[in-house]
Structure formats: C-alpha cells, structure tokens
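Throughout, numbering of the chain's residues begins at 1 and tracks the sequence.
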Amino acid sequence: MTQPASPAIDDVLTSPQPRREAGTGSYLAATIVILAVLTIVRIIGLRFSMTDLFYDEAQYWSWSRELALGYYTKPPLLAWVIAAARHVCGDAEWCVRAPSPLFYAATSLLTYAIGRRLYDERAGFWAALLTALATGAVFSARIISTDVPLLFFWSLALLAYVNLLDAPSRRWAVVLGASIGLGMLAKYAMIYFLPGVALAALFSKRARRMLVRSDVWLALLVAVVVLAPNIIWNASNGFATVEHTGDLVLGEPTHLSIMRTLQFLAGQFGVFGPIEFTLMIYALVRLGSPATAEQDRILVAFFIPALAVVAGFAFVAKANDNWAAVSFVSGVVLTAALLARWQAKWWMAATVAFGLVVQVALIGADAVADRLSTASFHNPYKRTIGMRQYADAVGAVARKVGAKTIVTDSRADFSDLEYYWRDRPEQVLWWRRIEVPSFSLKEALTQNSAEPVLFINGCDRLDAVRKVYAVAQPLGRFTVPIGSVATNGERDFYAFLLSGARGPIPPFSGC
C-alpha cells in the first residue's frame, strides 16, 4: 500500500498553529487582575515618590502646555499624552508620569494577545507578566519618556501584523498603519518595524506572501497619512527634529571599540532582564535550525534590526542602552513561548520574582529618595532630587532683587526652572548656546525680554555678558542643599542682574 507523503518540514512549520488550550479561559481574567493591581500600586508609588522631574520630563511637560505638530528634539505624541493627563489630574510630578504605568499595562495586554495568537493562552499570560515585570519596564514605569508610548504602538503594530499573517483584513491593515504612524509620532525608532517586516519575509513563506497583498499597502498608506502632519511641520521648519535627532547620534565622538559594543550588549541584560535576553540570544543562534518554528523566526525578525543597528553603532560611538528598546516586545513574547514550551516553571517564577523584587525596591527607594545619603554609596537619585529646592532658591533671589525674568544658559536647568517656578510672575527663559529654529524662540532670551534679568550660571566670569548688556551686576555665589539631608550634597550657582540690552541677544559664548 502506498503511504501518504509526509508533509514538507517547511509546510509543517508554516501551517497555522493552535491558538488556545482547553480550559484556559481564566488566563485572560488572571492577566487583567494582575495588571490592574500592579498598575494601581505603581500609581500609588508615583504619588508618594520624592523624586523631582528629570529635565527631559520637565521639557515634555513644557511642550504639553503649547501643543504643536512637532518639537525641537522629539516628535509630538508624548506632549499630547501629558496634556491629556494634565487635564485629568494637574501638574504634579506623579500626574505627569501617570501615563507610564497605564501604557505599560496596555502594552502587557497586547503582548498577551500576541502570545495567544502565535502560540496559546499560556504563552500569552507569561508574555504579559514578563512584559510588566521586566527590569527595564519596572524602571521606565516610574518616569515619563518617549519609549513608553513607542512600545505600546510597536506592540499594537505587531499584533496587527500577526493577525494579517493568517488572512487579509482591511481592519487589521488600518490598525497596523495607524500604529506605525502613531509610533513614529512617539519616537522615530518606530522605523525599525519596517526592516522587521522585511526580515520576517525572508524567514517565512506566509510573511512573503503577505507583502504582495493590497491590505499591506493600505497599511503603509495609513501610516503615511497619520505621520503626514509631522512631516509637513518638519518640512516647514527645516526638518529641525530630524536634524537634531541625527546630531544626537552622529555628533558623538567616534573611535572604534569592541568593548563599547560588548558593554551595550551587557546593558541589555538589565533592560530586558537577564533570563529574557539570554533566551533572545539563544533564539537568535538557533534561527537557522530546521526545528525552529515559524512563529519563533518571525519574532526573531522583529528584534534583530534595532539590536543589530545599535550594537553596530556602539562599535563606532557611544550608544545608550534604551536605543534598542523596541527589540524587547517580540523578544519577551518569544521568551514566554520558549519557557511555556519547555514547561520551565521555576525559570518563569524566578523571572517574575526578580521583577517583583526590583519593583518593590524602586517604589521604596523613590519614597525616601530625598533622604538617601551619598556618604556610603553613589546616590542614583542625584539628578532627580533637589530640583525644586534649586528653583525655590533661584526664585527667592529673583524676588529679592526685583528681577522680572530668570535666565539660564543650561537647557537642563531651564526645563527644571520652568516647571518648578511655573505660574509665577517671573518668566523663565533660556539664553541659548546655539542658534535655534524660529518656533523655539518663545523660550529664548531676546532684547525685548522684561528687565531686569536674573542670569543664573555655573561660573563667576562673565566678561562676554557686558558686551550684550550695559549693566551686569554680580550678585554672588549661592549654595542649595540637595535633598533633606546635608550629606546628600550641595549645588552652587552664580547670579547676575542684567539690564540695558544693547541689541539682539546672540548665543551665549560661555564663561
């Protein structure tokens, strides 16, 4: 008797996989309950946190008060998000940061849906937990940054993509396109999604077939339409955001160093989690094996681009650990699927437990951040405590001398002063060190700025200022304690009272 032909291995791997296990309907309910409790705890932690806004956070808050289609250093979406939060709960630090834990809860639900779609509900459940409690997520949920909405829209785009793998769908095509567009409005690193699609097509027959369908081109059209206002804004402003983003990357000092690449990769163990990143590397090494399931290959395709590009860049110049953050989403889903497949319950428990320990430790440390002493160790909160005290001290000097405008040449100090001296009669401005686009001049010191001007600086020699102002009166050196314990350190600044602008204010040339 003729035996039926065995299916080709590629056909087996590319055939639809089971999506659900019998009796697992409680996985979704458990996921929602756990994420809800974790999100509430995180928001309570923010409410009791003693950390001040970091200057990036203060800058995003400043943008949220004047909504636009683009900003000097970043796309506009995060400012819109903070503006929405401000309308709900105000301007306090915890409210500015509150969108972060909410976004991470939503991102975790999306990784649940991706895991369930590609594998089963058990894999989805663990994907959600590993997303929520990864060390990078635990840290990031305490601050507000562009990575937060970026990861959400990356996850939504990946969910739409895996749904489109199974069958054409105009609805999912629109979701995919809108997610890519909104992700780009959060951070331009969303562009890594497109090479991920290309790599997936290289690794999977279904992914290749999908590229010629009309719904995929519909997705690209939607993405362009969503991004178009920001493109037009950039075009009308000399592509300021794009140029600034390029300067941040290309402006780094360059010299070849394999150690810097290794340091970047080592940093990913902290960003993704030690077990998660180890399994991501394992999956990458096993990519060429015939035994590798199609779903695994597709997920690998989406974490390769950012990781490879940034690791390569680190060989040439300094790269920040979070620059490859988008690799996390597909990596954590694959990690959950592998652990579920191997029934590695102890490794799952260890990963979740480690995340919980980090979560509890950070919430506790945030609550006493202003009381942590630097006497016995390097204080990790050094840059996020003392900003309010600094602004109060500067404001007190301004009130004492009758200054109508407060000015600093530090972009970071300007952001913090603007936030912590908000809603006061004294205007806070920036004495720019470089030429800035016209849309940013509202923040810059000009010859029409109200005088007298209190100029805050880090040095006591300001001969160049007298070429700009007829009167430049030194007020002396001021010392501000950092935190509530003297051992936390002090911060010094020099103050000058300026009046009689001689003409247009040029960029500040330094001390």
Side-chain angles (χ1 to χ4, degrees), residues 39-40 42-107 136-156 178-179 181-190 226-227 229-230 233-234 240-241 244-245 322 325 366 383-384 387-388 391 411-424 427-428 430 439-440 442-443:
T39 302
I40 292 170
R42 283 174 169 171
I43 292 176
I44 293 173
L46 290 178
R47 186 65 182 83
F48 288 95
S49 173
M50 299 304 296
T51 61
D52 296 331
L53 291 189
F54 186 57
Y55 70 83
D56 278 346
E57 297 176 297
Q59 178 178 246
Y60 303 145
W61 168 87
S62 174
W63 292 347
S64 75
R65 301 206 295 178
E66 294 190 30
L67 297 183
L69 296 174
Y71 297 94
Y72 186 31
T73 61
K74 292 290 191 298
L77 184 65
L78 187 60
W80 302 347
V81 169
I82 295 173
R86 290 179 56 241
H87 283 293
V88 174
C89 52
D91 290 307
E93 292 94 331
W94 73 270
C95 183
V96 173
R97 293 165 170 160
S100 286
L102 298 175
F103 265 111
Y104 272 111
T107 300
V138 169
F139 178 87
S140 182
R142 305 157 43 254
I143 63 176
I144 190 71
S145 74
T146 51
D147 286 333
V148 175
L150 170 67
L151 291 179
F152 169 79
F153 286 111
W154 182 284
S155 303
L156 185 56
S179 300
L182 289 168
M184 289 286 289
L185 290 178
K187 192 173 183 179
Y188 294 142
M190 187 73 198
V226 171
L227 186 59
N230 181 247
W233 180 91
N234 264 286
T241 311
H244 177 83
T245 302
N322 71 313
D366 288 350
R383 295 194 299 173
T384 54
M387 302 304 133
R388 181 186 298 276
R411 186 79 183 182
D413 287 355
F414 162 72
S415 298
D416 286 322
L417 286 170
E418 188 179 31
Y419 176 76
Y420 284 106
W421 201 249
R422 62 187 182 273
D423 302 327
R424 311 291 180 93
Q427 186 177 19
V428 178
W430 174 45
F439 63 82
S440 191
K442 63 181 180 296
E443 302 173 345

Side-chain heavy atoms of Ile82 within contact of Ile144, under 4.5 Å: yes
Minimum heavy-atom separation for Leu182 and Leu77, please, with both atom names. O-CD2, 3.5 Å
Any chance you could measure Phe48, atom CZ, to Asp366, atom CG, to the nearest 0.5 Å? 13.0 Å
Does a side-chain heavy-atom distance below 4.5 Å link Pro101 with Leu46? yes
Is there a side-chain contact between Ile143 and Phe54 in this structure, where contact means two heavy atoms from C-beta onward sitting under 4.5 Å apart? no
Just checking Arg47: does its CZ atom have more than 12 heavy atoms from other residues, nucleotides or ligands closer to it than 6.0 angstrom? no
Could you tell me whether a side-chain N or O of Tyr419 sits under 3.5 Å from a main-chain N or O of Tyr55, the two making a donor and an acceptor? no
If we ignore angles and hydrogens, is there a donor and acceptor under 3.5 Å between the side chains of Glu66 and Tyr71? no
Give the minimum heavy-atom separation between Phe152 and Thr107, together with the two atoms involved. CA-OG1, 3.2 Å
Any side-chain heavy atom of Tyr60 within less than 4.5 Å of one from Thr146? yes
The test is side chain to side chain contact (heavy atoms under 4.5 Å, CB included); show your working for Leu151 and Tyr104 and say whether it passes. CA-CA 8 Å; Leu151 291 179; Tyr104 272 111; 3.8 Å; yes
Using every non-hydrogen atom in the two residues, find where Val226 and Gly181 come nearest and quote the distance to one decimal. CG1-C, 3.7 Å
Side-chain touch Ser49/Trp94, heavy atoms, less than 4.5 angstrom: no
Less than 4.5 Å apart, any side-chain heavy atom of Lys74 and any of Gln59? no
Find the distance between OG (Ser145) and CG (Asn322) and round it off to the nearest 0.5 Å. 7.5 Å
Show your working on side chain to side chain donor-acceptor pair (under 3.5 Å) between Arg97 and Thr51 and close with a plain yes or no. CA-CA 11 Å; Arg97 293 165 170 160; Thr51 61; 2.9 Å; yes
Should we say atom CZ of Phe139 is surrounded by more than 12 heavy atoms from elsewhere, each under 6.0 Å from it? no
Which heavy atom in Ile43 sits nearest to a heavy atom in Leu102, and how many Å separate them? CD1-CD2, 4.1 Å
N/O donor-acceptor pair under 3.5 Å between Ser140 side chain and Ala137 backbone: no
Would Arg411 and Thr73 count as having a side-chain donor-acceptor pair, cut-off 3.5 Å? no
Distance, nearest 0.5 Å, that separates CG of Leu150 from CE of Met184: 10.0 Å
Once rounded to the nearest 0.5 Å, what's the spacing between atom CG of Leu53 and atom CZ of Arg388? 8.5 Å
Of all heavy-atom pairs linking Ala68 and Trp80, the shortest is O-NE1, 2.9 Å
About how many Å separate CD of Glu93 and CG of Asp91, when rounded to the nearest 0.5 Å? 10.0 Å
Is there side-chain contact between Leu67 and Pro76, with at least one heavy-atom pair below 4.5 Å? no
